[in-house]
Number of protein chains: 2
Amino acid sequence: MRRGDCVDRWNADGESYWTVTEGAMMFLVLLPDGRRHIAFFRFPGELLCPQLDGGFVDYTLQAVCDTKLCRVGSLSVSQASLNGAQADHILDTACTRIARAGLHSLVLGRLTAPERIATFLIDVILRSRLQMEDGVEFLLPMNREDIADYLGLNSETVSRIFTRLRKVGVLALPRPGRAILRDARALLEMIPFEAVEQTLMPAPRIGGGQGSSNGEFGEENGIDRPGRRGAH
Amino acid sequence: MRRGDCVDRWNADGESYWTVTEGAMMFLVLLPDGRRHIAFFRFPGELLCPQLDGGFVDYTLQAVCDTKLCRVGSLSVSQASLNGAQADHILDTACTRIARAGLHSLVLGRLTAPERIATFLIDVILRSRLQMEDGVEFLLPMNREDIADYLGLNSETVSRIFTRLRKVGVLALPRPGRAILRDARALLEMIPFEAVEQTLMPAPRIGGGQGSSNGEFGEENGIDRPGRRGAH
DNA sequence: CGAGGTCTTGAGAACTCTCAAATCGTGTGG
DNA sequence: CCACACGATTTGAGAGTTCTCAAGACCTCG
């Protein structure tokens, strides 16, 4: 798919789901008066599933850039049709999304524009399975307006902040769609969270798959208890 | 419990969950620099469950006012320990929360202060199982600051908008903690959504919820490519 | 090399916030 | 029962961040 191509209501039969293989997808909401809002981006490896993504009356799921999807299955997200491991995986994905969504509300409700951008960049890097280290290069396929609509800003503000980050030496933007982290520490210091990793990449919370640092997929499904989680 | 009382990390054993019986609870996040954020409120009948509510490193679950909780059980939210109906219910709750959270992101990211307040009030009324009709009286137990921290505003702004709503005859506030809807139509017209009920009160989407009347499911299929749809 | 779109930059406006003070309401103690 | 004290709410004035509108620069693609 190319930028702007849609997966229309993306559930032919109400049950299909996909993963992103390459590129990125965005979930776009358009208000009657034209305001635009992007509810989330999905990167390679992440699941697209109507039941776990929905909640809007009007939306489209669009490709951010050249993107490939892989149809995982036509699966009723219901206990009746899942085996235990599948059910736990679905449920864990759901919980991770609740966590992410809650964090995003905090970002939109309480962070300044620069803080939102910094949080966004760190999130992109971590979800790309990269380290927060100087020199890492990462994909940033969405344009300024997409980022703005995701962060509750406008594109000019996003642009100004990117410019500032470039001038301060935090970030380099060698070509569109691509970015290099130049000063990881400075970027981390821009955001008002302490436990960044745990905050942005919530650990699985269902069925005990505790070791995985991969927020989106808890491929483990043992049934032992991780005990109390979170910072105390 | 009285206002401010906490359910500390509310999962002694990591597995308990409750419902609110009376009053209201709020999920409070405090940033290191003192900024306050309320991720959600829970009203009577709604479920409190760490796995389905979490995602923050630091939070407290506090009573908004005099509140009673009822412990539903000590239940592992995992396929292994649930029967089919329970699992579907948990999963459906999770999906509803994803939906709500997505909507809340839109509210915080793209709505003006008066729109946020109007959306909030309508949400409170609908979740109290009341109709959007002139004259309905409803509980509004949270104070201005709580509302502000939930909506990404500050308490003075909330207060100003409430005052305006009172003067315009949309709302009456006979006593703290209680409100009367005077002009339902006017309140509805303040918000930029069309299908208010479906937007604010998402229908169940697990286990047969699919065929329902809202336009959420079951249209055409799969991936379409209407050329490029991103550019206007 | 030209066209179209994206990104950048600037100037002014708008909305919301901050700080401050007055008012209101409730609970307490005399 | 009344006075007082404390917290919550309201209101005002000014400041600040972000938005809007606009124009120019840049880049990619044909």
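Computed over heavy atoms, backbone and side chain alike; hydrogens, waters and symmetry mates excluded. In the text below, chain A, chain B and the rest are named by the order of the sequence lines, each starting its count at 1.
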Query raised in the report: How is A:Gly177 classified with respect to the nucleic acid when contacts are heavy atoms under 4.0 Å: base, sugar-phosphate, or nothing?
Result: nothing
Requested in this report: Starting at atom CD1 of B:Ile161, determine the distance to atom P of C:dT16, rounded to an integer number of angstrom.
Outcome: 6 Å
Report task. Using only heavy-atom distances, decide whether a donor-acceptor pair under 3.5 angstrom links the side-chain of B:Arg160 to the base of C:dT18. Result -> yes
Report task. Indicate yes or no: does A:Arg100 engage A:Asp123 in a salt bridge with an N to O separation below 4.0 Å. Result -> yes
Query - Test applied, side chain to side chain donor-acceptor pair (under 3.5 Å); reference residue, B:Arg42; option that passes from B:Thr67, B:Asp53, B:Thr19 - result: B:Asp53
Query raised in the report: A:Asn143 near the nucleic acid: base, sugar-phosphate alone, or nothing, with a heavy-atom cut-off under 4.0 Å?
Result: sugar-phosphate
Query raised in the report: Taking the six-membered ring for Trp, are B:Tyr150 and B:His104 parallel (under 30°), tilted (30 to 60°) or perpendicular (over 60°)?
Result: parallel
Query raised in the report: Rounded to the Å, how far apart are A:Arg144 CZ and C:dT8 C1'?
Result: 9 Å
Query raised in the report: Would you find a donor on one side and an acceptor on the other, under 3.5 Å apart, between the side chain of B:Ser159 and the backbone of B:Thr157?
Result: no
Report task. Assign B:Ser159 to base, sugar-phosphate, or nothing according to its heavy-atom contacts below 4.0 angstrom with the strands shown. Result -> base
Query raised in the report: What does B:Arg164 touch in the nucleic acid at a heavy-atom separation under 4.0 angstrom: a base, only the sugar-phosphate, or nothing?
Result: nothing
Query raised in the report: When you list every nucleotide of DNA chain D with an atom under 4.0 Å from a heavy atom of chain B, which one comes first 5' to 3', and which comes last?
Result: D:dT9 to D:dA13
Query raised in the report: So what does B:Arg166 touch, heavy atoms closer than 4.0 Å: a base, only the sugar-phosphate, or nothing?
Result: sugar-phosphate
Query raised in the report: For B:Arg110 and C:dC15, what is the distance between atoms CZ and C1' respectively, to the nearest whole Å?
Result: 14 Å
**Report entry** Nearest-angstrom distance from the residue atom CZ of B:Arg35 to P of C:dT18
**Finding:** 10 Å
Query raised in the report: In a check of salt bridge (Lys or Arg N to Asp or Glu O under 4.0 Å) between B:Glu46 and each of B:Arg129, B:Arg127, B:Arg97, which one passes?
Result: B:Arg127
**Report entry** A:Ser155 or B:Arg175, whichever maps to the more 5' nucleotide of DNA chain C
**Finding:** A:Ser155
Report task. Let me know the distance between CG of A:Leu173 and P of C:dT6, rounded to the nearest Å. Result -> 17 Å
Query raised in the report: Are any of B:Thr157's side-chain N or O atoms less than 4.0 Å away from OP1 or OP2 of C:dC17?
Result: yes
Report task. Could you tell me how the ring of A:Phe40 sits relative to the ring of A:Phe27: parallel (under 30°), tilted (30 to 60°) or perpendicular (over 60°)? Result -> tilted
Query - Which atom of A:Arg2 lies closest to which atom of A:Ala63, heavy atoms considered - result: O-CB, 3.5 Å
Report summary line: A:Glu156 atom CD is separated from C:dG10 atom C1', nearest whole Å, by 11 Å
**Report entry** First encountered from the 5' end of DNA chain D, between A:Pro176 and A:Ala113
**Finding:** A:Ala113
